[in-house]
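Working notes, structure below.
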Amino acid sequence: MKAIRADLLDFDGTPGWGDVDSAAVRWRPDHWLLVGDDGRIGAVQPPAWQPPPGTEVHDLSGHLLLPGFVDTHVHAPQLDVIVSYGSQLLDWLETYTFPAESRYGDPDVAQAGADRFLDALLAHGTTSTVAFPTVHKVSADRLFDAARTRGMRLITGKVLMDRNAPDALRDDVVQAERDCLELIERWHGVDRLSYAVTVRFAPTSTPEQLAMAGSLCRADPTLYMQTHVAENQDEVRWVQELFPQARSYLDVYARAGLLHRRSVLAHGIWLDDADRRLLLEIGAQIAHSPTSNTFLGSGLFDWRAMDADGVAVSVATDVGGGPSLSMLRTLAEAYKVQALRGERLTAWRALHGATLAPAQALGLEHEIGSFEPGRTADVCAWRWAVGEVAAHRLSMARNLHEKVFAWLMLGDERNLARSYVAGRIAYQAPSTP
Ligand code: GUN
Ligand code: ZN
């Protein structure tokens with residue numbers, strides 16, 4: 001058994017919008033998190049607890065311990081074009097993203113990219129992810145394999161795109177279905193891996209391909225589905241032209257049978273009331289990607305309306321549209337996006353959106369997202385402050401929310417001390433005790 005000593009913070013419910021004193025916050029300073037040899041959380045013990053002989057003690061006193069972050073929307077190959085200068089979505093895809101993704105049909109490129117991506121996630125405090133590889137079967141295959149090697153929870157699938165893309169990035173319906181079925185057979189349900197039917201977005205799939213994707217979902221309700229929706233206004237207009245019979249962008253996916261409890265839809269900035277009602281009814285989640293939305297000038301996501309309508313929202317980096325793999329930076333940006341809308345996002349609701357909320361929305365709350373006994377011990381230890389300004393500001397905090405909010409806004413991946421995956425150290429900063 002391992003015993004990790006640190007300041008434990010997690011959630012056992014959903015913090016209310018704007019509630020800085022939420023009862024859903026579980027704050028257990030200087031406690032012990034016990035981890036069994038099976039990699040699962042055993043119990044939490046108070047400060048006075050004495051580790052029995054034979055316990056492997058990890059003394060991270062003075063560090064903040066959180067459940068590992070869950071990034072519900074990110075593109076593995078786009079680390080190659082992260083922070084590309086100067087354009088909105090459609091132009092950015094053509095100019096930077098499609099050329100970069102074209103290289104991933106090469107198994108060596110796919111392998112190196114998968115390793116680089118997952119190691120980077122772990123070095124940013126993200127232990128679980130719902131990710132896009134590329135259209136190439138090998139890129140999905142190598143990503144699954146690399147996650148399995150690291151013992152990580154990963155949901156991914158070969159990207160489907162058979163039109164409006166360069167030759168090197170187009171598949172066709174028959175071959176794509178065959179590739180999906182082979183990958184599902186090989187990886188879905190193996191260790192901590194699940195397959196997601198991955199439609200890039202409506203403009204890059206023919207109606208025939210969307211129908212094929214829908215039939216894959218119907219054939220196996222344990223599969224996830226991931227795509228983009230209503231991110232950018234030019235994109236929304238284009239979808240209207242391509243699918244004139246659909247009521248809305250979201251309706252394109254509904255008609256194809258792609259919306260269900262395990263659907264993860266990135267962005268959802270330009271949705272209306274009827275779309276939100278449909279999302280609630282279906283139980284699908286929005287992966288809100290605030291750093292991407294400001295970087296690509298896409299718009300300001302109405303989280304409050306989603307909350308009021310009861311739609312599940314998780315937070316995601318959307319690298320490389322998003323400029324950072326850091327969930328801290330991403331949550332800080334979410335706060336600013338809400339500020340621009342005249343709303344206030346609490347530190348609790350932000351952190352919940354990167355831990356328990358995605359775990360529940362993915363139906364994985366028995367495995368990840370909190371310190372409940374029985375969960376897999378995917379946990380990260382963070383330095384409260386890096387540098388004098390942060391140390392001073394945190395020392396001035398008058399209450400817990402103020403302290404955690406200051407940590408969230410001033411911190412980034414340089415605050416990460418250690419990441420554990422299933423109880424094993426998966427990343428360690430050089431300065432960690
Ligand atoms: N819409 C379709 N493809 C993409 C992508 O790669 N990134 C983002 N942000 N939006 C998309
Ligand atoms: Zn994306």
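Every number for a ligand or one of its atoms is a count from 1 in the order of the listing.
Shown here is R344, whose CZ atom has no more than 12 heavy atoms of other residues, nucleotides or ligands within 6.0 Å.
In summary, the aromatic rings of F69 and H124 are positioned with their centroids too far apart to meet the 6.0 Å limit. Checked against the 6.0 Å centroid threshold, H63 and W382 do not count as a close aromatic pair. Taking the six-membered ring wherever Trp is involved, the centroid distance between the rings of H401 and W348 falls below 6.0 Å.
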Show me the donor-acceptor pairs within less than 3.5 Å that the side chains of residues 89-100 make with the rest of the protein, sequence neighbours left out.
residue: T95; atom: OG1; partner: D91; partner atom: O; Å: 2.6
residue: Y96; atom: OH; partner: Y85; partner atom: O; Å: 2.7
residue: T97; atom: OG1; partner: W92; partner atom: O; Å: 3.3

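In this structure, D318 contributes its side chain and G321 its backbone to no donor-acceptor pair below 3.5 Å.
Within the protein, the N, O or S atoms sitting under 2.8 Å from the Zn ion (ligand 2) are H73 NE2, H75 NE2, H228 NE2, D318 OD1.
For F132, the ring-ring contact (aromatic ring centres under 6.0 Å, His included) partners at least two apart in sequence or on another chain are H73, H75, H228.
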Return a table of N or O atom pairs, ligand 1 on one side and protein on the other, at distances under 3.5 Å, rounded to 0.1 Å.
residue: ligand 1; atom: 3 (N); partner: R200; partner atom: NE; Å: 2.9
residue: ligand 1; atom: 6 (O); partner: Q78; partner atom: NE2; Å: 2.9
residue: ligand 1; atom: 6 (O); partner: R200; partner atom: NH2; Å: 2.7
residue: ligand 1; atom: 9 (N); partner: E231; partner atom: OE2; Å: 2.9
residue: ligand 1; atom: 9 (N); partner: D318; partner atom: OD2; Å: 2.7
residue: ligand 1; atom: 10 (N); partner: H228; partner atom: NE2; Å: 3.4
residue: ligand 1; atom: 10 (N); partner: E231; partner atom: OE1; Å: 2.7

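Neither side chain, D106 nor H136, offers a donor N or O lying under 3.5 Å from an acceptor on the other.
Taken from NE2 in H267 to CG in N232, the straight-line distance is 9.5 Å, to the nearest 0.5 Å.
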